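Below: one structure, written as structure tokens.
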There are 2 protein chains.
Amino acid sequence: MKNLNIQIEVNPELYSKNPDSSELGRKIITNSIELMNEIGFESFTFKKLGLRIKSPESSIYRYFDNKHTLLLYLTSWYWAWTEYQLVFATSNISSSQEKLIRSIEILTKPVLIDNSISYVNEVLLCQIIFSESLKAYYTKNVDEENKKGCFKAYKSVVQRVSDMILEIKADFKYPHMLISTVIEGAHQQKYFAEHLPALTDLSKTKDSITQFYTELVFSLLK
Amino acid sequence: MKNLNIQIEVNPELYSKNPDSSELGRKIITNSIELMNEIGFESFTFKKLGLRIKSPESSIYRYFDNKHTLLLYLTSWYWAWTEYQLVFATSNISSSQEKLIRSIEILTKPVLIDNSISYVNEVLLCQIIFSESLKAYYTKNVDEENKKGCFKAYKSVVQRVSDMILEIKADFKYPHMLISTVIEGAHQQKYFAEHLPALTDLSKTKDSITQFYTELVFSLLK
DNA sequence: TCAATTATAATAGTATTGCTATCGTTATGG
DNA sequence: CCATAACGATAGCAATACTATTATAATTGA
């Protein structure tokens with residue numbers, strides 16, 4: 001994985017002009033990830049981003065319709081990237097159990113190393129996913145956006161891991177439900193540990209999240 | 001429960017003037033629940049609410065600092081109300097198992113009957129909780145608001161059910177984590193079933209959510 | 001019961017947000 | 001070296017998210 005510099009493809013519905021195609025576009029992505037991390041999605045505006053990259057807002061609007069679409073783009077990028085990771089981590093492994101274990105680890109552990117090759121800082125992006133990505137699909141436009149395929153990358157990841165579950169227990173009724181519960185749950189528990197510790201049982205740094213969800217999955221599949 | 005007309009207490013940090021104390025205040029609550037359901041939290045403004053109740057926005061600002069605080073108020077109300085439900089549903093029941101089963105049912109099933117006594121429509125409020133309440137704590141002010149006790153009611157519910165888990169399995173390490181996973185998971189699965197069905201395994205109307213999370217909990221506690 | 005407080009309505013105003021439009025200049029690539 | 005796309009600079013506009021002021025109505029408490 002590390003140095004392959006894989007091209008991540010994002011659904012063209014999510015941009016007006018492909019940010020990957022120009023210097024300015026890549027600058028927009030790099031800096032929006034940083035800025036969103038610093039001030040949060042609500043306070044983030046194209047004006048502030050424009051100031052940061054010394055370009056007028058109107059130039060940013062040429063790439064993305066609005067900040068919501070930009071968030072959709074970032075989440076879509078993240079899930080496409082995660083799917084690559086899943087494929088790599090599970091290739092050439094025969095044991096279904098082992099594949100599932102590794103997948104859960106990828107899905108529940110925050111990214112800690114930025115490969116620094118692309119203009120995307122994966123560590124920061126991961127933090128955005130954990131604390132902002134819910135806002136990408138809890139809106140009144142979900143259905144419309146879903147139809148356009150805006151969530152395809154996420155669904156593809158869920159599907160892939162669901163298939164592993166069925167390899168282990170073919171008659172299990174709720175593979176998608178279980179995996180989306182694990183993914184979203186792990187993200188939330190990380191957030192809770194940092195901000196609402198009464199809702200979890202984690203000391204701030206400990207990464208027993210992966211352990212918890214792994215146990216949860218396998219105890220249910222027994 | 002039904003006809004007791006219990007007074008729900010909400011943390012005074014969450015309002016400037018108690019909406020429960022005046023006709024206008026109650027009108028604000030009733031109508032904000034309806035309006036937020038209709039147009040969603042993002043599109044909801046005090047101006048629109050003011051038009052609906054035929055009062056100027058400035059009057060609404062006397063009760064709530066902004067729409068975010070109003071959302072916090074509504075979620076807090078919901079959790080306080082849910083805690084009453086939990087207490088009633090589990091009183092006079094000796095079996096810890098049975099108490100937990102009933103609690104999970106309350107936490108994972110959407111409210112379907114409005115008791116129609118108070119000015120709060122619990123069915124609609126429940127829908128807001130399911131699709132908007134995440135936005136109440138995924139903000140850059142969480143820590144500050146948490147300190148002021150804005151999430152006390154939610155935490156109290158989680159604590160109460162965690163205690164039941166420990167009654168069943170005293171050495172279980174992650175009771176809070178498990179319960180918050182169940183609560184948030186159930187809400188999300190309901191939302192997914194309606195809008196992103198690829199992330200779940202539910203036919204739109206079926207309420208196997210409760211069944212799934214009950215199994216999940218008890219298989220982990222075995 | 002009347003003065004004093006409080007609640008609300010009506011209105012105005014301001015800074016910021018979330019865009020759209022225009023136009024001149026710079027790249028760039030065929 | 002010309003055509004066209006990309007970008008910067010600037011303007012402007014409607015909506016949002018408030019704050020402030022004043023007048024009137026309601027309440028209440030001495």
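Each chain gets a letter, A, B and so on, in the order its sequence line appears, and its residues count up from 1. These numbers were taken from a predicted model, which means no experiment stands behind them.
Contact between B:Asn11 and B:Lys148 at its shortest, heavy atoms only, is ND2-O, 3.1 Å.
Between A:Glu42 and B:Lys135 there is no salt bridge, since none of the side-chain N atoms of the basic residue sits less than 4.0 Å from a carboxylate O of the acidic one. Salt bridge status for A:Arg52 with A:Glu38: present, with a side-chain N to carboxylate O gap under 4.0 Å.
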>> With side-chain contact (heavy atoms from CB on, under 4.5 Å) as the criterion, how do A:Val120 and A:Thr30 come out once you've worked through the C-alpha distance, each side chain's angles and the decisive distance to 0.1 Å?
In response: CA-CA 6 Å; A:Val120 174; A:Thr30 304; over 6 Å; no
>> Determine whether B:Glu145 and B:Thr139 satisfy the following criterion, side-chain contact (heavy atoms from CB on, under 4.5 Å), listing intermediate values before the conclusion.
In response: CA-CA 10 Å; B:Glu145 287 166 352; B:Thr139 72; 4.2 Å; yes
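For the atom pair CG of B:Leu199 and CG of A:Asn146, the computed distance is 8.0 Å after rounding to the nearest 0.5 Å.
In this structure, B:Phe64 and B:Tyr73 have perpendicular ring planes: the angle between them is above 60°, well past the 30° mark.
For A:His187 and A:Tyr191, the ring centers are positioned 6.0 Å apart or more.
Counting to the nearest Å, the P atom of C:dG18 and the CZ atom of A:Phe64 are 16 Å from each other. We find that CG of B:Asn66 is positioned 17 Å from P of C:dT16, with the value rounded to whole Å. D:dA15 atom C1' lies 12 Å from atom NZ of B:Lys67, rounded to whole Å. Put simply, CD1 on A:Ile60 is 17 Å from P on D:dA6, counting in whole angstrom units.
Checking B:Tyr15 against B:Asp65 by side-chain atom types alone, no donor-acceptor pair falls below 3.5 Å.
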Every protein N/O within reach of nucleotides 6-14 of chain C N/O, cut-off under 3.5 Å:
residue: C:dA7; atom: OP1; partner: B:Lys17; partner atom: NZ; Å: 3.0
residue: C:dT8; atom: OP1; partner: B:Ser22; partner atom: OG; Å: 3.4
residue: C:dT8; atom: OP1; partner: B:Tyr63; partner atom: OH; Å: 3.1
residue: C:dT8; atom: OP2; partner: B:Tyr63; partner atom: OH; Å: 2.7
residue: C:dA9; atom: OP1; partner: B:Ser55; partner atom: OG; Å: 3.1
residue: C:dA9; atom: OP2; partner: B:Ser55; partner atom: OG; Å: 3.0
residue: C:dA9; atom: OP2; partner: B:Ser59; partner atom: OG; Å: 3.2
residue: C:dT11; atom: O4; partner: B:Ser58; partner atom: OG; Å: 3.4

All N/O contacts under 3.5 Å from nucleotides 24-29 of chain C to the protein, with atom names and distances to one decimal?
none

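Comparing the start and finish of the helix from C:dT1-D:dA30 to C:dG30-D:dC1, five pairs each, the helix axis swings through 20°, to the nearest 10 degrees.
With contacts defined as side-chain heavy-atom distances shorter than 4.5 Å, the pair B:Phe212/B:Leu202 does not qualify. In this structure, the side chains of B:Tyr154 and B:Ile183 come closer than 4.5 Å at one or more pairs of heavy atoms.
Scanning for salt bridge (charged side-chain N to carboxylate O under 4.0 Å, His left out) contacts around A:Glu23 gives A:Arg26, with sequence neighbours left out.
Legend: ring-ring contact (aromatic ring centres under 6.0 Å, His included) pairs involving residues 21-58 of chain A, not counting sequence neighbours, sorted by first then second residue: A:Phe46-A:Tyr61.
Within residues 36-52 of chain B, no residue has any heavy atom closer than 4.0 Å to DNA chain C.
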